[in-house]
Number of protein chains: 2
Amino acid sequence: MSLSQVAKAAGVSKMTASRVLRGEGGYSEKTRDLVMEKVDLLGYLPNRLATVFAGDQISTFVGVSIPDLGNEVFSQVLEGIDRKLGAFGHQTVLGLTQHTPEEEANWIRTVLSWQPAGLILTGRFHAPRATDMLRNAGIPIIEIWDLNSSPLDMSVGINHFDAGFDMGRYLVGLGYRNIAYVGTSHDTANAATTRLAGFTKAVEGGSGQVTKQLCLHDTAAYYPGYYGTEQLLASSPYIECIFYQNDAMAFGGLQYCKANGMDVPVDIGIAGWGDLPVAAVLPQRLTSMHVPHLKLGQAAAEMMIARLSGEPVTDVRDIGFKLIPGSTVRNLAGLA
Amino acid sequence: MSLSQVAKAAGVSKMTASRVLRGEGGYSEKTRDLVMEKVDLLGYLPNRLATVFAGDQISTFVGVSIPDLGNEVFSQVLEGIDRKLGAFGHQTVLGLTQHTPEEEANWIRTVLSWQPAGLILTGRFHAPRATDMLRNAGIPIIEIWDLNSSPLDMSVGINHFDAGFDMGRYLVGLGYRNIAYVGTSHDTANAATTRLAGFTKAVEGGSGQVTKQLCLHDTAAYYPGYYGTEQLLASSPYIECIFYQNDAMAFGGLQYCKANGMDVPVDIGIAGWGDLPVAAVLPQRLTSMHVPHLKLGQAAAEMMIARLSGEPVTDVRDIGFKLIPGSTVRNLAGLA
DNA sequence: TTGAAAGCGTTACCAG
DNA sequence: CTGGTAACGCTTTCAA
């Protein structure tokens with residue numbers, strides 16, 4: 001079902017039909033009614049491939065790469081992006097890149113070949129060949145999540161080093177000295193790595209130490225937090241406080257501690273990261289750090305849309321975070 | 001950067017270059033090396049728009065509509081779909097359709113205009129104009145989640161009526177009679193509605209009754225479960241057991257009960273639906289129903305790929321569910 | 001093994 | 001207000 005067929009049915013040229021369909025004027029009422037009647041009758045749907053292909057027109061695709069959706073945080077970011085993008089007539093082409101630059105690079109190559117209007121990528125670490133392709137693409141690129149102060153093009157997110165640092169300073173400030181970290185391991189550096197670096201710096205600068213770093217070969221989810229804590233405490237029973245890669249792991253750890261008769265925060269301190277929605281209904285507030293995930297996604301989509309519309313855009317936007325003191329850690333001052 | 005430019009640089013015709021790039025044979029070693037050298041040099045990326053457009057070739061896009069990602073269940077389904085699709089060289093074009101047929105229909109129209117290879121839609125209730133478009137599209141369509149025994153084309157999911165029925169029968173079998181439901185409201189019927197219908201039928205058939213149905217104008221998440229329970233118990237204090245739309249709401253409800261000094265399951269029974277991953281670390285097993293969400297998504301993607309490859313496909317696939325007895329309900333037999 | 005020409009569905013541009 | 005023609009980047013088909 002093509003435009004020519006509609007045009008033929010209506011007894012006009014395809015140019016006239018094209019003009020009617022785009023509503024750009026230059027035809028009579030009568031002609032329009034005639035054409036639209038045939039469009040409805042034949043159930044004609046324009047072929048956007050041809051449209052983009054023909055004109056200088058830009059496609060309405062935006063490629064969005066996300067590490068994984070098992071992590072609620074990224075689901076929220078994606079939700080923010082797609083809702084906002086959709087509201088402006090754009091479509092998300094999704095890529096779940098598993099935190100690996102290799103997968104990301106492959107996905108970038110494929111998506112670029114579809115002539116997207118722009119790309120939104122999670123993280124700031126890309127394979128060299130990906131970087132080359134991105135530079136040559138000549139389309140807006142936004143790096144989200146891990147704020148990149150000298151981005152390929154644009155960036156929205158937070159400074160994970162600072163976020164880790166603030167949490168470290170907070171815990172040391174409460175009097176914790178012998179602190180552990182539980183997270184997952186990745187082949188490549190990512191935001192969690194950066195957070196840990198900031199965290200370690202603050203702890204060591206405050207005369208504490210990150211005694212043990214346990215990096216599991218698993219997903220950063222509830223159950224790994226549970227058994228990771230078990231592993232950690234089996235080998236290092238004198239830990240005073242544990243900082244987790246995210247809230248899901250921290251919650252798993254919290255449950256492990258409770259299940260094994262520990263009193264949190266009296267026997268051990270627990271701190272997470274990300275502030276999951278489930279926190280709203282829990283009796284004990286998890287010490288964590290709030291990041292406006294949905295807003296982050298929306299901000300990225302807005303930046304993309306602004307850039308595509310030729311509006312002036314600030315290239316780097318820090319979306320901010322907020323420490324949540326919670327009640328899973330306590331002030332040790334005067335107790336030593 | 002087009003194929004002709006590469007061809008010109010290599011001193012061959014674009015047909016030769018095209019053949020080399022597709023690796024379909026019909027050229028000499030020397031020619032291939034020459035062309036590939038220029039491809040690398042110029043950083044040429046094929047324009048897939050043109051490829052699909054030119055040949056009878058099918059695009060590698062698959063449109064996937066999902067109600068929302070705030071619900072962990074759908075994140076998992078999407079993860080299953082995209083991973084499997086990606087492994088076979090297809091790309092997900094996402095649509096968050098908010099549970100409304102209107103939004104879905106708009107999205108379908110847009111996505112179809114991009115000539116997707118197929119469509120995966122959540123739910124079985126579509127706007128009439130959507131159904132028309134889908135029928136005319138002539139591409140594989142899979143309706144997931146809510147199993148459709150006479151689908152538009154194909155369907156994978158579970159029978160939500162049966163799932164609700166089984167839970168109802170289970171609770172009535174334990175001796176519960178005065179049961180309430182807490183969920184969210186939607187303009188249109190969806191799987192939750194169907195579950196509730198099956199649930200009600202089983203309860204009433206077992207001489208119990210669904211005394212109160214509380215449908216909140218909110219998302220089916222933790223906190224609505226919490227305050228929904230508060231509202232419910234304020235108006236109907238004699239409820240023996242509450243069935244929730246999903247586990248997130250049930251967990252919120254459970255927390256409300258505990259926070260208010262109730263003993264679950266002694267004072268009140270709690271049952272959820274969907275079996276969230278967080279259950280793995282909780283001390284008390286939530287009575288729920290397990291659905292293999294990730295597998296469901298993978299199965300849908302596999303069906304799509306099989307159909308696109310021309311392999312024979314079973315059109316309707318029931319992915320099954322499993323009741324999880326849990327410990328948030330109890331057997332009332334002999335206690336009356 | 002290679003190349004020239006036609007065409008995919010649409011829009012830009014220019015004539016009428 | 002309307003229509004013809006060329007062009008977008010690629011593949012198909014046919015000829016050399």
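Proteins get letters first, then strands, A, B, ... in listed order; numbering begins at 1 in each.
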* Hey, mind stepping through B/Glu102 and B/Arg129 against salt bridge (Lys or Arg N to Asp or Glu O under 4.0 Å) and telling me if it holds? -> CA-CA 9 Å; B/Glu102 267 315 298; B/Arg129 68 193 175 97; 3.0 Å; yes
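The CD1 atom of B/Ile58 sits 16 Å away from the P atom of D/dT11 (whole-angstrom rounding). The NZ-P distance, from B/Lys8 to D/dG9, rounds to 12 Å in whole Å. As rounded to whole Å, 10 Å separates atom P of D/dC10 from atom CE of B/Met1. Here the C1' atom of nucleotide C/dT2 and the CD atom of B/Glu29 are 16 Å apart, to the nearest Å.
The side chain of B/Ser13 approaches C/dG3 more closely than any other nucleotide in the set C/dG3, C/dT10, D/dG4. Of the candidate nucleotides D/dG9, D/dG3, C/dG3, C/dG3 has the atom lying nearest to any side-chain atom of B/Val12.
No more than 12 heavy atoms of other residues, nucleotides or ligands shown are found within 6.0 angstrom of CZ on A/Arg109. Environment of CG in B/Asp40: crowded, with over 12 heavy atoms of neighbouring residues, nucleotides or ligands closer than 6.0 Å.
Less than 4.0 Å separates DNA chain C from no heavy atom of any residue of residues 35-50 of chain B. Near DNA chain C, defined here as any heavy-atom distance below 4.0 Å, the residues from residues 14-25 of chain A are A/Lys14, A/Met15, A/Ser18, A/Arg22, listed numerically.
Residues B/Ser13 and B/Thr16 bring a donor and an acceptor atom of their side chains to less than 3.5 Å of each other.
Across B/Val316, B/Ile144, B/Val313, a single residue satisfies side chain to side chain contact (heavy atoms under 4.5 Å, CB included) together with B/Met154, and that is B/Val313.
Residue A/Ser28 places at least one side-chain N or O under 4.0 Å from the OP1 or OP2 atom of D/dT2. The phosphate of D/dG9 (OP1 or OP2) has no side-chain N or O of B/Ser2 nearer than 4.0 angstrom.
Proximity of A/Thr194 to A/Arg124: side-chain heavy atoms (C-beta onward) are nowhere separated by under 4.5 Å.
Under a 3.5 Å cut-off, the side chain of B/Gln91 and the backbone N or O of A/Val111 do not form any donor-acceptor pair.
Within the 4.0 angstrom heavy-atom criterion, base atoms lie near A/Phe53.
Closest approach of B/Gly89 to B/Thr60, counting heavy atoms only: O-CB, 3.5 Å.
Within the structure, the ring pair (Phe, Tyr, Trp, His ring centres under 6.0 Å) test picks out the following pairs touching residues 28-76 of chain B (sequence neighbours left out): A/Phe53-B/Phe53, A/Phe61-B/Phe61, A/Trp114-B/Phe61, B/Phe74-B/Trp145.
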